[in-house]
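To start, the structure under review is shown below, and the notes come after it.
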Amino acid sequence: MSTITTHDGTEIYYKDWGEGPAVTFSHGWPLSSDAWDGQMLFLVQHGYRVVAHDRRGHGRSSQTSTRNDMDGYADDLAAVIEALDLRDATLVGHSTGGGEVARYIGRHGTSRVAKAVLIAAVPPIMVKTEANPEGLPIEVFDDMRAALFNDRSQFYQDLAIQFYGANRPGAGISQGVLDQFWLWSMQSGLLNAYESIKAFSETDFHDDLAKFDVPTLVLHGEDDQIVPIKDSAIKSARLIKGAKDVYYPGAPHGITATHQDQLNAELLAFLRS
């Protein structure tokens, strides 16, 4: 397997396909780099080099008991970028991966970055606080932790339905899409998936978003049942200077799959702009 080893000894698996300008992909929780295959193959066919890694504790990377937080995730992304010597890369992040991209820019800057794309991403912060009264109550995430601990297999099956909007009339989501979500999720370590809930829900990205100084595209489904659009993309687009935001009417959280062709075209146009 293709892996790099981080400073704390964690092995991070990655895919590196194609030749041309570099695009990196940071996946959502609790999936793996396989969730990006529809975007990666498309961009390879259009002359791009695409790199995606499995977050620590997910997919084929080490199930470490440490650094299961946004700082750790961002540093792992930096380790991959530096090991492969990627320059002028476009960083693409979905959901938790959008937080990873934001924290990367906050911690490591944009010296190797040309553009950024946040897709159904968790910034600026998901949980309800005094400073973020519109957020989701902490009990929502406590319930997720309890369900994950008690029966993670059933939890992931139930989550897939909301993730792809399969509970909406006329959704047309295939059983295969739901099944692959379950498969990818079950490959994550229980400890890692459990601790990641705190990372994606309670991390405050306001300072990170203020450091964005590259062209940025924000994409989000208007019917996102996982990361509500009003608490995330709409706020992030206001906080990132010059960001372009595009919202998909009636679309769910998992738009990389449900709206693959539309999203791929949007991504390619942004890369070429």
Side-chain angles (χ1 to χ4, degrees), residues 1-2 13-18 23-46 48 50-55 57-61 63 92-98 100 117 119-122 144 147-148 150-190 192-193 196-197 200 219-227 229 246-268:
M1 292 198 307
S2 298
Y13 167 85
Y14 68 91
K15 303 178 183 186
D16 184 358
W17 301 349
V23 184
T24 71
F25 293 90
S26 296
H27 64 78
W29 176 89
L31 308 177
S32 73
S33 58
D34 291 347
W36 287 113
D37 281 359
Q39 284 67 51
M40 294 176 68
L41 177 57
F42 174 81
L43 290 181
V44 165
Q45 293 170 339
H46 287 82
Y48 289 86
V50 293
V51 175
H53 69 287
D54 291 353
R55 186 168 298 119
H58 298 68
R60 290 138 292 198
S61 292
Q63 293 189 11
V92 183
H94 176 251
S95 194
T96 298
E100 181 179 290
V117 183
I119 303 173
V122 297
M144 290 178 69
L148 184 66
N150 291 328
D151 187 348
R152 67 174 180 147
S153 181
Q154 187 60 52
F155 170 74
Y156 290 144
Q157 288 189 354
D158 295 340
L159 181 63
I161 293 170
Q162 288 186 304
F163 196 96
Y164 296 110
N167 54 350
R168 299 306 199 215
I173 307 302
S174 73
Q175 189 60 47
V177 167
L178 301 178
D179 289 347
Q180 70 181 7
F181 179 93
W182 174 86
L183 175 63
W184 294 332
S185 300
M186 289 297 291
Q187 292 172 347
S188 64
L190 178 57
N192 309 98
S196 191
I197 294 174
F200 72 67
L219 302 175
H220 215 105
E222 291 184 353
D223 189 32
D224 191 323
Q225 300 172 65
I226 307 298
V227 181
I229 187 172
V246 178
Y247 305 126
Y248 295 1
H253 188 60
I255 54 176
T256 54
T258 62
H259 292 65
Q260 178 175 292
D261 292 345
Q262 182 180 353
L263 187 142
N264 286 354
E266 200 90 53
L267 189 56
L268 181 60

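Please read these numbers as outputs of a predicted model, since none were measured by experiment.
Here the closest non-hydrogen pair linking Ser32 and Gln187 is OG-OE1, 4.4 Å. Scanning both residues, Gly165 and Ala171, for their nearest heavy atoms gives O-CB, 3.2 Å. The shortest heavy-atom contact between Val227 and His220 is O-NE2, 2.9 Å. Scanning both residues, Gly38 and Phe42, for their nearest heavy atoms gives O-CB, 3.5 Å. Scanning all heavy atoms of the two residues, the minimum distance from Ser33 to Met40 falls at O-SD, 4.5 Å. Nearest heavy atom pair, residue Phe155 against residue Ala147, reads CD1-CB, 3.6 Å.
Here Met186 contributes atom CE and Ser153 contributes atom OG; the two are 4.5 Å apart, rounded to the nearest 0.5 Å. Residue Thr24 holds its OG1 atom at 11.0 Å from CG of Asp16, rounded to the nearest 0.5 Å. Note that CD of Gln45 is 11.0 Å distant from CG of Leu268, once rounded to the nearest 0.5 Å. The CG atom of Asp34 lies 8.5 Å from the CD atom of Gln180; values are rounded to the nearest 0.5 Å. Here Ile119 contributes atom CD1 and Leu263 contributes atom CG; the two are 4.5 Å apart, rounded to the nearest 0.5 Å. Once rounded to the nearest 0.5 Å, the distance linking CZ of Arg55 with NE2 of His27 reads 4.5 Å.
Using a 4.5 Å heavy-atom cutoff, the side chains of Trp29 and Ile197 are in contact. A heavy-atom distance below 4.5 Å is found between the side chains of Gln39 and Asn264. Looking at heavy atoms from C-beta onward, Val92 lies out of side-chain contact with Ser26 at the 4.5 angstrom threshold. Asp224 is not listed as a side-chain neighbour of Ile255, based on a closest heavy-atom distance of 4.5 Å or more. Residues Ser95 and Phe200 have side chains not in contact (no heavy-atom distance under 4.5 Å, counting atoms from C-beta outward). Side-chain contact check for Pro252 versus His259: some heavy-atom pair is nearer than 4.5 Å. In this structure, Glu100 and Thr96 have side chains that are not in contact, with every pair of non-hydrogen atoms separated by 4.5 Å or more. Residues Phe25 and Thr256 are not in side-chain contact: their nearest non-hydrogen atoms beyond the backbone lie 4.5 Å or more apart.
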*Apply side-chain hydrogen bond (donor to acceptor under 3.5 Å, both in side chains) to the pair His53 and Ser61, showing each step before the final yes or no.*
CA-CA 8 Å; His53 69 287; Ser61 292; over 6 Å; no

*Please test Gln154 against Asp158 for side-chain hydrogen bond (donor to acceptor under 3.5 Å, both in side chains), starting from the C-alpha separation and ending with a verdict.*
CA-CA 6 Å; Gln154 187 60 52; Asp158 295 340; 3.0 Å; yes

*Under the side-chain contact (heavy atoms from CB on, under 4.5 Å) rule, what do Tyr156 and Leu148 come out as? Steps first, then yes or no, please.*
CA-CA 8 Å; Tyr156 290 144; Leu148 184 66; 3.2 Å; yes

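The closest donor-acceptor contact from the side chain of Asp54 to the backbone of Arg60 lies under 3.5 Å.
Here the options are Trp182, Trp184, Phe181, the test is ring pair (Phe, Tyr, Trp, His ring centres under 6.0 Å), and the partner is Phe163; only Phe181 passes.
The aromatic rings of His94 and Trp36 sit perpendicular to each other, their planes meeting at more than 60°, with 30° as the lower class boundary.
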